[in-house]
Every structure is written in structure tokens, then in C-alpha cells.
Amino acid sequence: MINIVLFGPPGSGKGTQAQNLIEKFNLKQISTGDLFRYNMKNNTELGKLAKSYIDRGELVPDQVTTDMLIDEVKKPTDAAGFIFDGYPRTANQTEALEKIVKDVLKADISVCLSLIVEDEILVNRLLKRGETSGRTDDSNEEIIRNRIKEYYAKTAEVAELYKKNGKYVEVNGVGEIEDIAGKLYAEVEKIK
Ligand code: ADP
């Protein structure tokens, strides 16, 4: 199995690149952000809870997010592995994912691919996306800056954990989408 953690700050292009990697390597993407948005759209209890955090640019509590992820990992699939997009976002979630992948999939995380993009570019990309996405968390600069703040406060340390395991690879997330995809493919080929 190939199990990829796609990592990076909000707006670094995880969703776009996940799409490329899925097709190239026949993987199943699990995006916690997409799952929350699906629940918000359908006004489920989980969606209502998540919305109260997401609209402020804060992280949803670990337990809620992890339970949702476990349900998704347990669904049967023909894919050759998974791309985790937007999870893990805390040290606690990183540990939880190790365990989930071991217990449910009888496998390991293969690599953490980290997209590097500087903050001001992120803010511009997200404001631009907000013009068309309808995402409340992209709608104003204050919320966007809070998401980036949350990233440094809680999420950046996830990178340190994968570094310790020797599973951390950085890729420049600024440039042409196809060029960035090419670099990601090359990294995945190395671990296949
Ligand atoms: P982006 O890729 O722009 O960072 P996502 O679509 O991944 O945004 O996530 C949107 C929001 O959903 C996050 O700002 C956060 O509030 C919530 N969220 C997504 N994944 C997680 C997670 N693993 N833990 C906690 N909250 C999460």
C-alpha cells in the first residue's frame, strides 16, 4: 500500500495536488475539510458543530475529527492506498493516524509530502479562492490569517514528528501546477 500524508498550510495546494496523485497512483483521498463541508452542507449534527469552529478559522476538536476519519478509512475500497489531505493537523492526530493505519489497514504511512508556500502568497490565494468558492473561511482576511496562525500554533509540529521518522519530504508549492505534480510523483516513485 502507498499511504501519503499530504501536508502544508491552508492554501498550499493540497486539494489540487491530491487530485493529481489519486489519478496517477490509484489512491483514495480522504480530505477532512471536504468531509466537514459535506456535513455542513447537509446540516448534520457533525456539520453544525464543525461550522462553529471553521467559521472562526479554528481547528475542529481532535476527537470529533478523528472519529470522522476512522469511519472513512473503514469503508471498503479498491484503491492502492490513501492520501490523507488535511489530516493530521495536530500531534495528537498524528499519533491517532499511526494507530488507525496499523489497526484498520495493517499498513504504515509511507511518506509525508509537504508543500512549502510563503504566508503572503497563501493569503492572496485564499482571498482569490474566496471570490468563487463560497467558503465562509475564505471570505475575509482576518479568518484566513487566523487559519495560518492555527497552522503555526498546532499543525507545524506535525512536520517535526514525520521528520523524526525519516518520512518527511518538502516540495516547493509555488510554480506551475504540473511542475509541482511532477515533483510529487517523483517522490512517490521513490517509495513504491
Ligand atoms: P485548507 O486546505 O484550506 O486548510 P481544509 O479544507 O483542509 O482547508 O479545512 C478547512 C477547515 O476544516 C480547517 O480550517 C479546520 O477548521 C477544519 N479541519 C479540517 N481538517 C481538520 C483536522 N484534521 N483537524 C481539525 N480541524 C480540521
Side-chain angles (χ1 to χ4, degrees), residues 3-22 29-42 44 46-73 82-101 109 112-159 161-162 171 173-174 177 180 184:
N3 293 307
I4 299 171
V5 168
L6 198 53
F7 186 76
S12 56
K14 298 187 294 288
T16 305
Q17 295 301 341
Q19 218 46 50
N20 287 325
L21 288 160
I22 292 168
Q29 175 192 17
I30 299 184
S31 160
T32 43
D34 286 351
L35 291 168
F36 284 135
R37 280 185 288 280
Y38 177 82
N39 277 281
M40 290 192 288
K41 201 172 131 214
N42 291 288
T44 66
L46 173 62
K48 284 183 227 166
L49 176 71
K51 189 170 165 49
S52 64
Y53 295 93
I54 291 174
D55 280 358
R56 284 181 274 152
E58 292 171 13
L59 293 184
V60 179
D62 282 338
Q63 195 57 54
V64 177
T65 310
T66 298
D67 287 347
M68 177 179 76
L69 182 100
I70 292 172
D71 286 345
E72 216 47 41
V73 173
F82 288 85
I83 296 186
F84 297 97
D85 161 8
Y87 189 101
R89 260 178 156 97
T90 62
N92 181 299
Q93 291 181 13
T94 310
E95 274 172 41
L97 184 63
E98 281 301 310
K99 192 166 157 33
I100 294 161
V101 170
I109 293 297
C112 170
L113 297 174
S114 175
L115 292 166
I116 307 294
V117 178
E118 63 189 79
D119 293 355
E120 290 316 302
I121 298 181
L122 297 173
V123 174
N124 285 334
R125 282 185 184 180
L126 292 170
L127 280 171
K128 190 143 190 15
R129 183 170 77 185
E131 290 169 11
T132 52
S133 69
R135 277 179 59 165
T136 47
D137 58 347
D138 287 344
S139 65
N140 84 57
E141 188 162 339
E142 200 184 325
I143 300 171
I144 289 171
R145 292 213 181 260
N146 200 41
R147 285 159 65 196
I148 295 175
K149 203 169 121 211
E150 283 276 88
Y151 173 80
Y152 286 110
K154 298 178 183 159
T155 306
E157 67 179 344
V158 170
L161 297 172
Y162 287 111
V171 170
V174 183
I177 289 173
I180 299 164
L184 294 170

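In listed order, ligands and their atoms are each counted from 1. Basis for what follows: all heavy atoms, side chains included, without hydrogens, waters or symmetry-related copies. Keep in mind that this is a model prediction, so the values were computed, not measured.
Only the side chain of Arg135 comes within 4.0 Å of ligand 1, counting heavy atoms alone; its backbone N, CA, C and O stay farther away. When heavy-atom distances to ligand 1 are checked against a 4.0 Å cut-off, Thr65 comes that close only through its side chain, counted from C-beta outward. Within the 4.0 Å heavy-atom criterion, neither part of Thr90 lies near ligand 1.
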Step by step, would you call Ile30 with Leu69 a side-chain contact (heavy atoms from CB on, under 4.5 Å)? CA-CA 8 Å; Ile30 299 184; Leu69 182 100; 3.8 Å; yes
Before you tell me yes or no, could you show the steps for Tyr87 and Thr66 under side-chain hydrogen bond (donor to acceptor under 3.5 Å, both in side chains), namely the whole-Å CA-CA distance, both residues' side-chain angles and the distance that decides it to 0.1 Å? CA-CA 9 Å; Tyr87 189 101; Thr66 298; 2.7 Å; yes
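Ligand 1 does not have Tyr53 within reach: every non-hydrogen atom of the residue lies 4.0 Å or more from it. Not a single heavy atom of Glu150 sits closer than 4.0 Å to an atom of ligand 1.
The nearest protein atom to atom 16 (O) of ligand 1, hydrogens excluded, is given as Glu58 O, 2.6 Å; this is a heavy-atom distance. Protein heavy atom closest to atom 3 (O) of ligand 1, with residue, atom name and distance, is Arg147 NH2, 2.7 Å. Atom 7 (O) of ligand 1 has as its closest protein heavy atom Arg89 NH1, 3.2 Å. In terms of protein heavy-atom proximity, atom 25 (C) of ligand 1 is closest to Val60 O, 3.1 Å. In terms of protein heavy-atom proximity, atom 2 (O) of ligand 1 is closest to Lys14 NZ, 3.6 Å. Here the heavy atom of the protein found nearest to atom 27 (C) of ligand 1 is Phe36 CE1, 3.7 Å.
Polar contact check, Gly86 against ligand 1: a nitrogen or oxygen pair lies under 3.5 Å apart. Checked by distance only, ligand 1 and Asp85 stay at 3.5 Å or farther apart across all their nitrogen or oxygen atoms. Distances between N or O atoms of Arg129 and those of ligand 1 include at least one value under 3.5 Å. At least one N/O-N/O distance between Gln93 and ligand 1 falls below 3.5 Å. Considering backbone and side-chain atoms together, Tyr87 places no N or O closer than 3.5 Å to any N or O of ligand 1. Distances between N or O atoms of Thr32 and those of ligand 1 include at least one value under 3.5 Å.
Using a 4.5 Å heavy-atom cutoff, the side chains of Glu141 and Arg145 are in contact.
Checked by atom type and distance alone, the side chain of Asn140 pairs as donor or acceptor with a backbone atom of Glu142 at under 3.5 Å.
Numbered from 1 in the order shown, with element, the atoms of ligand 1 that lie under 4.0 Å from a heavy atom of Asp137 read 10 (C).
Of the candidates Val158, Ile54, Asn92, Leu35, it is Ile54 that places a heavy atom closest to atom 11 (C) of ligand 1.
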